[in-house]
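Worksheet: the structure to be examined is printed underneath.
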Amino acid sequence: MTSQAAAATEIPVPTREQLHWQRLEMGAFFHFGVNTFANLEWSDGTVPASAFDPSDLDVGEWIDTAVAAGARYAILTAKHHDGFCLWPTATTDYSVASSPWRGGGGDLVGEFVEACRERGVLPGLYLSPWDRHEPSYADPQAYSEFYARQLTELCTQYGPIAEIWLDGAGSEGYIYDWARIMQVIDAHQPSTIVFNMGRPSIRWVGNEDGLAHDPVEYVVTQTMSSQYTNLRIGLPEAAYLPPECDVSLRRGWFWHAKDAPKTLEHLLGIYYRSIGLGANLLLNIPPDTRGRIDPLDARVITEFGDELQRRFGTPLVATLTPLRDGEWLAEFDDEVTVDHVRVREDLSRGQRATNHELIAGGTTIASGRSIGVGRLHVLAEPVTTRELVVRVDGADPALSELVAHRTGRTMLPRLPDDYTAPTGRPDEHESEWL
Ligand code: FUL
């Protein structure tokens with residue numbers, strides 16, 4: 001075996017599903033449930049089901065908003081930590097079936113999945129492992145069985161589910177029967193993407209600010225569990241687990257009257273530091289007590305999607321030719337003046353690039369470490385050229401695409417100086433801002 005072939009077998013490679021998921025780039029998250037009506041982030045399982053009563057629910061509007069942002073998948077909190085289920089489950093009466101909404105005949109998971117499918121968005125579901133309502137939670141084995149039954153309902157009643165979000169929050173130190181739970185996924189949704197727990201196929205990026213950091217590594221030996229602990233979960237061996245950057249449009253994950261959306265500049269700053277670094281972005285857009293998108297949120301989301309289209313909607317595609325070891329020539333059809341360049345790595349043999357440089361006329365115009373599924377560079381000044389050279393270090397890396405853009409911008413969008421997502425348990429500090 002040549003040393004290159006040996007290297008090729010040693011690097012974990014993505015599955016078809018993982019690569020497909022990475023190429024979706026952006027998802028929308030929808031946190032909705034009894035918390036929305038109790039004006040809380042983490043209700044404790046005692047808010048009565050009767051509190052759940054959206055007056056004007058329109059899931060189609062939610063997904064239209066996701067599409068406006070550029071999201072290609074969407075995830076609904078089918079059950080958050082409070083245990084309230086947004087579908088009429090047979091496992092508990094703490095669900096929409098006991099609420100006044102649609103006279104107890106509604107199924108929000110069903111409506112959500114259908115609205116996604118109608119709009120070409122891939123539906124995903126969040127099912128909180130931590131359950132503050134269910135009495136069997138006190139007995140991990142019994143609760144794992146209960147959770148497996150809930151998951152079976154979700155995995156069998158709604159068609160293909162693109163992603164199942166297993167949130168580690170509140171589960172610190174709790175022992176689930178993951179073998180039992182993963183059996184459900186293996187049996188009914190073998191192609192789904194599993195977020196962070198059990199036998200994950202993607203991982204949490206490690207913060208709730210929506211930010212990745214260079215290098216963005218797809219092969220890891222551990223995952224981080226949640227915002228509320230430094231606990232790491234070791235993996236049996238190094239695995240290909242690309243990160244997802246989750247962040248809320250607002251300070252809260254659930255909608256609160258006194259909360260407000262982030263600015264356009266902040267959202268762009270997040271985009272460049274998540275998707276722009278080769279990680280997926282999962283942007284939470286919390287519906288309000290009507291079950292509608294707050295007009296303030298709809299406005300900034302539309303601005304965000306429009307600005308991404310304006311900047312990146314019509315890429316100038318270069319033809320890529322390998323020059324010599326680690327160097328690629330990117331040629332445009334004509335001379336172009338550009339201020340952004342996006343490079344993509346061929347990940348079929350795993351993630352291999354460790355450093356890279358973009359060179360125009362012998363001058364380095366941008367550099368960085370990982371490339372991955374997509375690496376966006378904003379140039380310090382516009383460059384006029386017909387060709388670029390990309391120098392890539394790593395274990396026999398390959399590029400799959402290079403495109404450039406003329407956006408009229410040469411600055412990385414700024415993040416607010418003081419912004420990071422709240423780290424303490426929400427029930428300890430949310431009174432400050434709710
Ligand atoms: C956290 C949860 O505790 C939040 O409420 C939210 O669901 C977020 C996505 O994950 O860990």
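One-based numbering, in listed order, for ligands and for the atoms of each.
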ask   = Is the ring centre of Y271 less than 6.0 Å from the ring centre of F312?
value = yes
inquiry  = Please confirm whether the ring centroid of Y228 lies under 6.0 Å from the ring centroid of W42.
reply    = yes
Please determine if [X] has a nitrogen or oxygen closer than 3.5 Å to a nitrogen or oxygen of ligand 1.
| X | result |
| --- | --- |
| W42 | yes |
| D246 | no |
| Y228 | yes |
| Q227 | no |

Show me which atoms of ligand 1 lie under 4.0 Å from any heavy atom of [X].
| X | value |
| --- | --- |
| Y126 | 7 (O) |
| E208 | 1 (C), 8 (C), 10 (O), 11 (O) |
| H80 | 4 (C), 5 (O), 6 (C), 7 (O) |

key: atom 6 (C) of ligand 1: nearest protein contact (heavy atom, Å)   = H31 NE2, 3.3 Å
key: atom 2 (C) of ligand 1 [closest protein heavy-atom partner, distance rounded to 0.1 Å]   = D167 OD2, 3.2 Å
Which is it for [X] and ligand 1 at heavy atoms under 4.0 Å: side chain, backbone, both or neither?
| X | result |
| --- | --- |
| E41 | neither |
| T77 | neither |
| H81 | side chain |

request  = Classify the angle between the aromatic ring planes of W21 and Y73 as parallel (below 30°), tilted (30 to 60°) or perpendicular (above 60°).
outcome  = tilted
query = For the residue pair Y94 and H133, does the interplanar ring angle fall in the parallel (under 30°), tilted (30 to 60°) or perpendicular (over 60°) class?
reply = parallel
key: Any donor-acceptor N/O pair, T364 side chain to A366 backbone, under 3.5 Å   = no
Side chains of [X] and [Y]: donor-acceptor distance under 3.5 Å anywhere?
| X | Y | value |
| --- | --- | --- |
| N35 | S43 | yes |
| T91 | Q150 | yes |
| H31 | E41 | no |
| D393 | T354 | no |

query = Any heavy atom of F29 sitting closer than 4.0 Å to ligand 1?
reply = yes
